[in-house]
Protein chains: 2
Amino acid sequence: MAAVSEPGNRKVTRRDVARHAGVSDAVVSYTLNGGPPVAPATAARVRESVRLLGYTPNAAARALRMGSSRLIGIVVPDSRNPFWAELCHAVEILARARGFAVLVVNTDDDSSLTIEYFQSLASRQVDGVLIAASIEESDVARLNAVGVPWALLNKSTPVAGTRGTGVDLVAGARTATDHLIGHGYGRIGFVGRIDDPRYLGWRDTVVGAGLEPGPVFNTTFVREGGYTAGRELAAAHNELDAVFVSSDMLATGVLRALHEAGLGVPGDVAIASFDGSPESEYSWPGLTTVRQPIDELALNAVEQLLDPSYIDNRRIEGNLVVRESCGCHPPIS
Amino acid sequence: MAAVSEPGNRKVTRRDVARHAGVSDAVVSYTLNGGPPVAPATAARVRESVRLLGYTPNAAARALRMGSSRLIGIVVPDSRNPFWAELCHAVEILARARGFAVLVVNTDDDSSLTIEYFQSLASRQVDGVLIAASIEESDVARLNAVGVPWALLNKSTPVAGTRGTGVDLVAGARTATDHLIGHGYGRIGFVGRIDDPRYLGWRDTVVGAGLEPGPVFNTTFVREGGYTAGRELAAAHNELDAVFVSSDMLATGVLRALHEAGLGVPGDVAIASFDGSPESEYSWPGLTTVRQPIDELALNAVEQLLDPSYIDNRRIEGNLVVRESCGCHPPIS
DNA sequence: ATGAAAGCGCTAACAT
DNA sequence: ATGTTAGCGCTTTCAT
């Protein structure tokens with residue numbers, strides 16, 4: 001009763017289908033992939049055999065023959081970060097709609113691994129790779145040498161000779177910091193990586209406004225780091241009245257630490273953050289944050305990767321989403 | 001002096017390496033994969049040619065020949081949910097250490113897609129599939145018929161004939177609910193999917209304790225759903241003094257709604273939740289939750305998938321992590 | 001409308 | 001220690 005393909009059976013190949021339907025290998029291919037026209041009756045017989053035998057084409061053979069695996073890779077700093085998780089998810093949906101599957105690789109924030117992982121993806125014959133990790137100018141040539149198309153998923157900073165749109169991190173940090181300045185806060189701190197463009201954006205903005213930069217809490221992009229920074233920040237809270245935090249995930253940790261310390265947000269310390277991930281909306285208080293347009297970034301990257309003639313290398317400005325953490329709105333209650 | 005492989009060049013094959021090094025194809029294979037011994041000098045020459053030509057083996061050809069792609073698939077309800085994101089990440093690390101890459105597929109909580117995606121993964125010649133989505137008894141035979149090894153990543157409920165460990169959802173909901181009862185709360189509500197085992201665990205526990213079940217807020221596992229449930233819950237807060245929430249992600253939404261409504265946690269409504277994801281630790285107040293041992297689940301699933309002789313089908317009990325939302329600890333401050 | 005056959009790049013059994 | 005060669009399952013050109 002069950003289909004022929006039971007566990008332990010030899011894999012059903014296209015040849016088996018051909019024999020079963022009494023046709024040649026080619027006709028099965030034509031029927032399935034729409035080559036030269038096939039007589040309706042023959043096609044029906046083939047399809048019936050496919051069903052009966054439980055045949056599924058061997059993607060490895062097809063990839064070898066066609067030189068295309070219909071696979072794309074994506075290199076991401078940390079897919080547990082809600083922002084990257086959203087981005088990966090968006091890419092997957094788009095890729096699937098185009099018949100591609102997605103290979104996700106985490107560098108765990110070690111961007112020196114990017115090239116190595118890129119190469120390993122390339123050897124798997126992926127048709128392209130999306131890079132979300134940060135890239136040096138000097139990496140471009142090495143990446144190009146591999147011969148696999150690639151695009152930046154979120155080009156944070158301009159890199160000559162690269163494809164892909166992205167949100168301008170410097171401008172984003174400026175937007176957030178300006179907003180804080182507009183509130184009248186005079187001592188604005190920073191939480192994030194100091195080797196990140198957002199650090200520059202923050203610093204330039206406060207200095208440009210004639211303010212003295214507030215304390216800097218250097219941390220990598222992990223929740224724990226945000227929390228630790230938050231504790232230090234709480235201890236030093238009389239040295240600042242507001243802070244720009246480089247990501248929502250970090251801000252969540254800061255918020256927790258501030259709450260623990262009995263400090264009010266925005267009362268004691270106002271916060272503006274970055275990413276616009278879902279957790280920024282559901283935290284307490286809601287985070288004022290610079291939203292990255294995830295769907296647009298993903299669509300743009302996937303299109304460029306798959307269609308060489310499609311070119312759009314714009315740097316997008318993130319949108320400020322105003323919630324309660326900056327002091328604009330009182331917490332609804 | 002870039003390597004020979006520049007964009008546009010024909011792909012470098014193993015044959016090119018063989019010619020360049022003045023040896024046969026086989027020797028290249030032996031050198032790279034450790035077959036029969038190769039003279040040290042020859043091996044060195046081969047390796048040099050590999051480097052010079054920028055050769056990377058074609059994984060599709062290897063997969064076709066070997067019948068193994070060194071790829072595993074993972075079917076997950078929603079990789080944006082921090083719990084699944086953690087699990088996927090853990091699986092990726094383990095898989096990479098074993099030379100496997102991971103194909104992530106989201107069902108977006110539509111478990112009827114599981115089989116379809118499983119088959120598409122199978123046609124890509126994956127060496128195994130980890131299934132995190134829920135499975136019906138009736139799916140088992142169909143899954144087995146495909147002939148690709150699979151294991152449950154988080155076997156939430158016992159399903160005959162399946163492999164993989166998992167946390168007992170019913171017992172977990174019981175643990176959380178019992179803890180709430182232990183606090184003396186007499187009217188305990190529920191937030192989650194009512195077709196989920198946790199609903200049963202909650203209901204049995206309150207009824208078993210001689211309590212009348214509190215209000216039920218039915219929702220799928222999305223943040224927005226938690227928030228909506230939270231608003232309804234806030235409106236009905238005089239009908240309950242505590243609530244069991246089926247996941248941390250949902251609980252985050254509930255917390256937000258409660259804060260908005262000016263209700264205190266645990267003062268007005270105590271909460272116990274499920275998953276033990278990072279956001280439960282950094283929310284405010286911290287969530288008392290039943291932690292799923294992510295690394296253990298992932299390790300177990302990967303091992304079983306890759307090693308047919310390894311069998312461990314235990315149902316694990318989740319550990320209660322006590323924080324502030326249940327009323328055990330006052331918020332630190 | 002259908003069939004025969006070459007060849008994608010690799011591994012491994014079998015020569016030498 | 002090294003070389004030769006037969007396929008893995010597929011697509012596609014060229015015949016018929």
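Lettering follows sequence order; numbering is per chain, from 1.
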Check: Given atom CG of B:Leu64 and atom P of C:dA12, what is their separation to the nearest angstrom?
Finding: 13 Å

Check: Once you round it to whole Å, what is the distance between C1' of C:dA1 and CZ of A:Arg45?
Finding: 12 Å

Next item on the list: Look at atom CZ of A:Arg142 and say whether more than 12 heavy atoms of other residues, nucleotides or ligands are closer to it than 6.0 Å.
Entry: no

Notebook entry, point to check: Does any residue of residues 23-33 of chain A have a heavy atom under 4.0 Å from DNA chain D, and if so, which ones, in number order?
Noted result: A:Ala26, A:Ser29, A:Tyr30, A:Asn33

Next item on the list: Using only side-chain N and O atoms of B:Thr42, determine if any of them is under 4.0 Å from OP1 or OP2 of D:dA1.
Entry: no

Check: Does B:Ala61 or B:Gly22 map to a spot on DNA chain D nearer the 5' end, using the closest nucleotide for each?
Finding: B:Gly22

Next item on the list: Calculate the interatomic distance between B:Gln125 atom CD and D:dG9 atom P; express it in whole Å.
Entry: 9 Å

Check: Is any side-chain heavy atom of A:Val302 less than 4.5 Å from a side-chain heavy atom of A:Leu130?
Finding: yes

Check: Among B:Ile131, B:Asn300, B:Thr165, which one satisfies side-chain contact (heavy atoms from CB on, under 4.5 Å) with B:Leu152?
Finding: B:Ile131

Item checked: Sugar-phosphate only, base, or nothing, as touched by B:Pro57 at under 4.0 Å among non-hydrogen atoms -> sugar-phosphate

Next item on the list: Using heavy atoms to find the nearest nucleotide of DNA chain C for B:Arg15 and A:Val38 separately, return the residue whose nucleotide is more 5′.
Entry: A:Val38

Check: Is there a donor-acceptor pair under 3.5 Å between the side chain of B:Gln304 and the backbone N or O of B:Asp312?
Finding: yes

Next item on the list: Quickly work out the A:Asp16 CG to D:dC8 C1' distance and round it to whole Å.
Entry: 13 Å

Next item on the list: Give the nucleotide from the list C:dG9, C:dA1, C:dA12 with an atom nearest to the side chain of A:Pro37.
Entry: C:dA1

Hey, can you pull the donor-acceptor pairs under 3.5 Å for the side chains in residues 29-36 of chain A, sequence neighbours left out?
unit_1	atom_1	unit_2	atom_2	d
A:Thr31	OG1	A:Val27	O	2.7
A:Asn33	OD1	A:Arg62	NH2	3.4

Note to self: Measure CG/A:Asn58 against P/D:dC8 and give the value in whole Å, please.
What the structure shows: 12 Å

Check: Does the pair B:Glu303/B:Arg98 count as a salt bridge with the N-to-O cut at 4.0 Å?
Finding: yes

Note to self: Without decimals, in angstroms, what is the distance between B:Arg62 CZ and C:dA12 C1'?
What the structure shows: 13 Å

Notebook entry, point to check: Just how far, in rounded Å, is C1' of C:dC10 from CZ of A:Arg124?
Noted result: 15 Å

Check: Is a salt bridge present between A:Glu48 and A:Arg45, judged by a nitrogen-to-oxygen distance below 4.0 Å?
Finding: no

